[in-house]
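Reading through the structure tokens given below for one structure.
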Amino acid sequence: MTEHLPILLIVLPLVAAPLCVILHQRTAAYTLALLVSWITFGISIALVAQVNQTGVIRYNLGGWAPPYGIEYLVDSLSSFVMMFVSGIGAIVLVYAPKSVDDEIARSKHYLFYATYLLCLTGLMGMCVTGDLFNVFVFLEISSLSSYALISLGQTRRAPLAAFQYLIIGSIGATFILIGIGLLYQMTGTLNMADIAARVPQENGPRTVLVAFSFLVIGLCVKMAVFPLHTWLPNAYTYAPSVVTCFIAATATKVSVYAFIRVIFGIITPGFAFDYLPLDTELTILALVGIFVASTAAIYQANVKRLLAYSSVAQIGYMILGISMSTPGGLTAGIVHMFNHALIKGGLFMIVGCFALRLGSVKLDDWKGAGKTMPWTSLGWAIGGLALIGVPVTAGFISKWLLLTAAMEKGMWPVAVLMLLSSLLAVVYVWRVVETLYFSEPTAKVLKAKEAPLGMLIPTYVVLAGTFVFGVWTTYSADLAAAAAAGLLGATP
Amino acid sequence: MNSPALEQAAGLYNYWIVIVLMMTGFYIVLARRNLIKAVIGLNIFQTSVFLLYVTMGKVRGGTAPIIPPEVAEAQAKAMHETGHSEHGTHALGTVSEEIVGAHAAHADLPGADIIYSNPLPSVLMLTAIVVGIATTALALALVVRIREDYGTIEEDRILEIDRADGLPDDDDEDQWIDADTHSLAGSSPDTPTDSESVN
């Protein structure tokens, strides 16, 4: 049984999704989705433990040995990413019912939960697979379901945002497909480890270069790296709150994971960073992205959009860590994936609570809500502190690691810019705090009640997580360090 | 025909078709203002990738990768006669060794000289076509909903309607860029932003 865990991770949510449709009854579909997502979370924790004890787990699909068969590969990095993705997926479902009742038509609930599970399947699949074409298939499963989820938003802008995301996302995915095809042409195999062993490196044919460029650009679209981020703000703003919580916390992170795999697992860092100047390019894009997106966030009147721009900026920190390509930098990048998933997940959950009670996500409509919704408002303050990176929060850990890594590499200007960029985060977090606590409440806010416990408790669990992992890093930074060491050790 | 470069360019005609289709599709997606045209452009773009895969799997002079029945029978007979003793030794080897070994051992078998095309890229494209259909279906479904809500599928008209509605949070790219340049002009109190975002 235990040796089949890697495939169960995929099969369970994949099979449960059509079951939700067949059940056709909203409570039944919800219960099934909740159950499956928690089992998936349990399996990923078991896999993390197993990888820690016995090392890399390889699973041959259908018993066909690689490179002919598809191989599923669970190592310290993929198990770590799967753990927090399924964890967020599970906790958001606990939080979901009230918000879903409020924002999505009742007749569509069972379809919503089915699509949610499909999205989870795709994200987990991208992490677990060791086959490059399989990555594309799972990427499309998660992307298509997230387009559908986003289009469920209340306003008529939602289908339009989903459509724009679909066009840009499909172009990105097709770029990835072209890259995979060219790599296959050069190596005759789709297994990632096998490609890495066969692909001609330095001074190799131009095909490898082109393949690599297509893969990087395609993944940059999916990661929402600065100039290619345009789909993200609209998609996050107009999606239903629950969908934003889930997608904002997980989808871009899994693309970052795929990006790390491509650079460190298939094409060596030597090719990407020494032969090609990708590290400089990424550093510049990351820094410009951090400043432009943070500045844009300051000027947003819509809190969801504010957080969306903040997400673009945070992706910049991850890219910054990866572009350093030192153990320290990579660790910081990976641990920030985890920490940011918690922080942004928590903050979007807070936004969902306000949306439920105030019926709006515009900052002007939240005036003085600190009086009538004290716990939700406090939650924003806590999450905001973590987002800024105040000590004893998870955000501090990742920024500290990133800062030390930058200094080790002697990148002083980068370190200084990073600190300055945190000031921008202070500004946009403070704007909301100020509105919540120091403005005269409007009549509507005065009538509002505190958010229901069913939503507040999961939100606070996630927010508590940002403190727990800000102090106790055994299961965040240490796992990330192990993953980074594995990545850099595996490449010559 | 006497220029080798020209000959090479003509010999790669299948790739030229792929590139022309790819760029056509890509251009349509970028330049369109009509949502249906965007979907069509996306389809052309994806189709060019299907062609790229299929064309790379084709081996010159190769036939469809189906073993003719009479060759299969003859091979099975020959394998049965000679293969029994070898089977035990191969059982421990990996799949790839087994296949390579079997191939080398039976090079003189009937049908061993047939060249087959590589079926794998075509099979991959079956999956990609399914993904493409799903994408198109979803995109068209979204267009239907947009049409119901806005009464048009011209993107310019839709943006106009949104602006006329005065959706206060309809701050697309242009609006925040305005805000950005505003801060660059130096009227914003957070001065670190000003100097840094120039970098």
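Computed from heavy atoms alone, side chains included, the values below leave out hydrogens, waters and symmetry copies.
Distance check: Met22(B) CE to Ile178(A) CD1 gives 3.5 Å after rounding to the nearest 0.5 Å. Note that CG of Leu160(A) and CD1 of Ile153(B) are 12.0 Å apart. Values are rounded to the nearest 0.5 Å. The distance from the OG atom of Ser170(A) to the CG atom of Leu42(B) is 5.0 Å, given to the nearest 0.5 Å. The distance from atom CZ of Phe50(B) to atom OG1 of Thr174(A), rounded to the nearest 0.5 Å, is 8.0 Å. Here the straight-line distance linking atom OG1 of Thr155(A) with atom CG of Asp149(B) works out to 9.0 Å at 0.5 Å rounding. If you take OH on Tyr184(A) and CG on Leu124(B), they are separated by 7.0 Å, rounding to the nearest 0.5 Å.
When heavy atoms are compared at a cutoff of 4.5 Å, Leu35(B) approaches chain A by way of both its backbone and its side chain. Only the side chain of Phe133(A) comes within less than 4.5 Å of a heavy atom in chain B; its backbone stays farther off. For Leu287(A), no part sits under 4.5 Å from any heavy atom of chain B, backbone or side chain. For Glu155(B), the part lying under 4.5 angstrom from a heavy atom of chain A is the side chain only. Heavy atoms of Ile180(A) lying under 4.5 Å from chain B belong to its backbone as well as its side chain. Heavy atoms closer than 4.5 Å to chain A are found in both the backbone and the side chain of Thr135(B).
Ile141(A) places none of its side-chain heavy atoms less than 4.5 Å from the side chain of Val131(B). Between Ile158(B) and Arg156(A), every side-chain heavy-atom pair lies at or beyond the 4.5 Å cut-off. Between Arg145(B) and Phe163(A), every side-chain heavy-atom pair lies at or beyond the 4.5 Å cut-off. Residues Thr127(B) and Phe136(A) form no side-chain contact, since every pair of their non-hydrogen atoms from C-beta on lies 4.5 Å or further apart.
No more than 12 heavy-atom neighbours from other residues, nucleotides or ligands sit within 6.0 angstrom of OH on Tyr27(B). Counting heavy atoms of neighbouring residues, nucleotides and ligands inside a 6.0 Å radius, atom NZ of Lys108(A) does not exceed 12 of them.
Between Tyr53(B) and Leu177(A) the shortest heavy-atom distance is OH-O, 2.7 Å.
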